[in-house]
Amino acid sequence: MMGQFMASAQKIPAKMTAIAISEPGGPRVLKPETRDVPMPGPGEILIRVRAAGVNRPDVQQRKGAYPPPPGASDLPGLEASGEVAALGDEISRWRIGDRVCALTPGGGYAEYVKVHAGSVLPLPAGFTHTEAAAVPENYFTVWHNVFERGGLKSGETLLVHGGSSGIGTTAIQLASAFGAYVITTAGSEEKCDACLKLGADRAINYREEDFVAAVKDATAGKGANVILDMVGGDYIARNYEAAAIEGRIVQIALQGGAVASADFSKIMVKRLTHTGSTLRPRTVEFKAAIAAALEAQVWPLLGTRRIAPVMDMIYPLTDAWRAHERIEEGEHIGKIVLDVG
Ligand SMILES: NC(=O)c1ccc[n+]([C@@H]2O[C@H](COP(=O)([O-])OP(=O)(O)OC[C@H]3O[C@@H](n4cnc5c(N)ncnc54)[C@H](OP(=O)(O)O)[C@@H]3O)[C@@H](O)[C@H]2O)c1
């Protein structure tokens with residue numbers, strides 16, 4: 001297998017352009033640098049990146065608040081799409097030239113990235129590279145947290161906060177496609193309208209309406225069976241109010257604060273489960289299991305465009321700082337992607 005790496009090595013340059021975090025700070029600390037092209041090790045493949053997704057955790061990393069896990073690239077970028085450029089040892093599924101997208105532990109903002117083969121999936125049928133780069137981080141996260149951890153079932157109600165985010169637009173589409181009643185919150189009428197178009201049954205403008213009362217109203221007083229929350233803070237107590245008996249609340253971020261005061265008697269009285277997770281530090285085996293589930297159950301839906309990532313803006317790789325400005329302004333709906341060429 002290393003022979004395949006050697007055979008293709010002459011096509012792979014020694015150096016590449018990547019976007020590095022020159023120091024912790026604002027968007028302008030994202031600067032193009034010349035770096036060595038990474039070499040895939042056993043079980044890894046090298047991807048010639050054509051597009052890279054931009055995610056809120058990249059902003060946290062840029063600010064110095066979300067360091068890469070041990071062994072991961074210091075470059076930002078949690079997802080990418082492109083062609084397989086080289087294979088490490090012990091790779092059987094992939095061939096050089098295959099069009100793929102991948103969850104990356106970092107390093108997506110670059111012309112080449114190495115990833116574990118278990119985090120790699122084929123491009124969904126008919127997808128462009130920019131569309132495919134918008135898929136992995138959000139789909140892996142939503143699949144695990146909503147369906148595996150939250151156990152959402154057809155006929156149940158999902159409340160997803162931040163419905164117009166990359167994560168939110170994914171959760172709305174997936175939950176709706178799998179037969180759930182979907183309620184979402186967002187911060188403007190325009191964002192609420194976009195959520196309804198994606199399949200949400202009810203969209204709550206949280207700046208004008210109390211989401212607890214609105215969820216009760218939409219569910220005949222029962223509440224939501226699963227709540228996907230990226231806000232935390234005072235949403236924690238309110239999620240306990242909005243949850244149904246035996247409800248599952250899944251925490252994936254704490255943008256509104258990590259410390260909260262809540263009435264914990266709700267957990268006993270309503271038999272609630274409050275859980276959460278972060279994806280990036282999980283094992284390659286764990287990520288491979290999610291990839292397999294997505295390929296079996298979600299890739300067919302992407303291939304027929306029953307669902308598709310919501311594309312907000314595409315910027316050239318060297319304008320990554322503009323992409324970060326856009327995500328921090330908070331006006332985007334769906335995904336921001338870097339075109340790597
Ligand atoms: N745990 C994990 O494994 C994991 C993986 C990936 C992402 N995440 C997290 O998931 C979140 C979404 O990621 P993304 O890349 O999709 O980000 P994004 O597109 O930038 O979306 C962020 C969303 O958060 C909402 N928001 C922020 N502060 C809020 C507040 N105080 N009250 C209500 N809503 C608020 C915004 O809604 P409005 O604009 O409507 O206010 C916006 O839709 C991020 O916090 C990210 O760190 C977690």
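Just follow the structure's listing: the first ligand is 1, and inside any ligand the first atom is 1.
Within ligand 1, counting atoms from 1 as listed, the ones closer than 4.0 Å to a heavy atom of Thr278 are 1 (N), 2 (C), 3 (O). Each of the following atoms of ligand 1 lies closer than 4.0 Å to a heavy atom of Ala186: 40 (O). Of all the atoms in ligand 1, the ones that sit under 4.0 Å from a non-hydrogen atom of Gly166 are 16 (O), 19 (O).
The environment of Glu190 atom CD is sparse: at most 12 non-hydrogen atoms of other residues, nucleotides or ligands sit within 6.0 angstrom.
Contacts between Ala253 and ligand 1 below 4.0 angstrom, taking non-hydrogen atoms only, involve the side chain exclusively. In Arg207, the part holding a heavy atom less than 4.0 Å from any atom of ligand 1 is the side chain. For Val231, every heavy-atom contact with ligand 1 shorter than 4.0 Å involves the side chain, none the backbone. Only the side chain of Lys191 comes within 4.0 Å of ligand 1, judged by heavy-atom distances. If you look at Leu279 next to ligand 1, the close heavy atoms, those under 4.0 Å, come from the backbone and the side chain alike. When heavy-atom distances to ligand 1 are checked against a 4.0 Å cut-off, Ser277 comes that close only through its backbone atoms N, CA, C and O.
Remark: side-chain polar atoms of Lys335 are not paired, donor with acceptor, to backbone N or O of Thr169 under 3.5 angstrom. A distance-only check finds a donor-acceptor pair linking the side chain of Arg248 to the backbone of Gly150 [under 3.5 Å]. At distances below 3.5 Å, at least one donor-acceptor pair connects side-chain atoms of Asp263 with backbone N or O atoms of Ser265. With hydrogens and angles disregarded, no donor-acceptor distance shorter than 3.5 Å links the side chain of Thr130 to the backbone of Val337. No side-chain donor-acceptor contact under 3.5 Å links Asn55 to the backbone of Asp58. No donor-acceptor pair under 3.5 Å is formed between the side chain of Lys15 and the backbone N or O of Pro13.
Regarding atom 41 (O) of ligand 1, its nearest protein heavy-atom neighbour is Tyr206 OH, 2.4 Å. For atom 8 (N) of ligand 1, the closest non-hydrogen atom of the protein is Ile252 O, 4.0 Å. Nearest non-hydrogen protein atom to atom 26 (N) of ligand 1 is Gln255 NE2, 3.8 Å. Protein heavy atom nearest atom 40 (O) of ligand 1, with residue, atom name and distance: Gly187 N, 2.7 Å. In terms of protein heavy-atom proximity, atom 11 (C) of ligand 1 is closest to Met230 SD, 3.7 Å. In this structure, atom 43 (O) of ligand 1 lies nearest to the protein heavy atom Ser165 CB, 3.4 Å.
No option in Arg99, Arg48, Arg50, Arg95 other than Arg50 meets the salt bridge (charged side-chain N to carboxylate O under 4.0 Å, His left out) test with Glu83. If you run ring pair (Phe, Tyr, Trp, His ring centres under 6.0 Å) between Trp143 and each of Phe178, Trp299, Phe286, only Phe178 comes through.
At a 3.5 angstrom cut-off on N or O pairs, Ile327 does not count as close to ligand 1. Between Gly256 and ligand 1, a contact under 3.5 Å exists for no N or O pair.
Of the candidates Lys335, His332, Arg56, His332 brings a heavy atom nearest to atom 19 (O) of ligand 1.
By the criterion of side-chain heavy atoms lying less than 4.5 angstrom apart, applied directly or through intervening Ile, Leu, Val, Met, Phe, Trp or Tyr residues, Val135 is grouped together with Leu198 in one hydrophobic cluster.
Checking atom 36 (C) of ligand 1 against the protein gives no heavy-atom contact under 4.0 Å.
Cation-pi geometry between Arg280 and Tyr66 is satisfied (NZ or CZ under 6.0 Å from the ring centre, within 45° of the ring normal).
Taking 4.0 Å as the cut-off, Glu137 counts as a neighbour of ligand 1 on heavy-atom distance.
Under 4.0 Å is where a charged nitrogen must lie from a carboxylate oxygen, and between Arg282 and Glu148 no such pair does.
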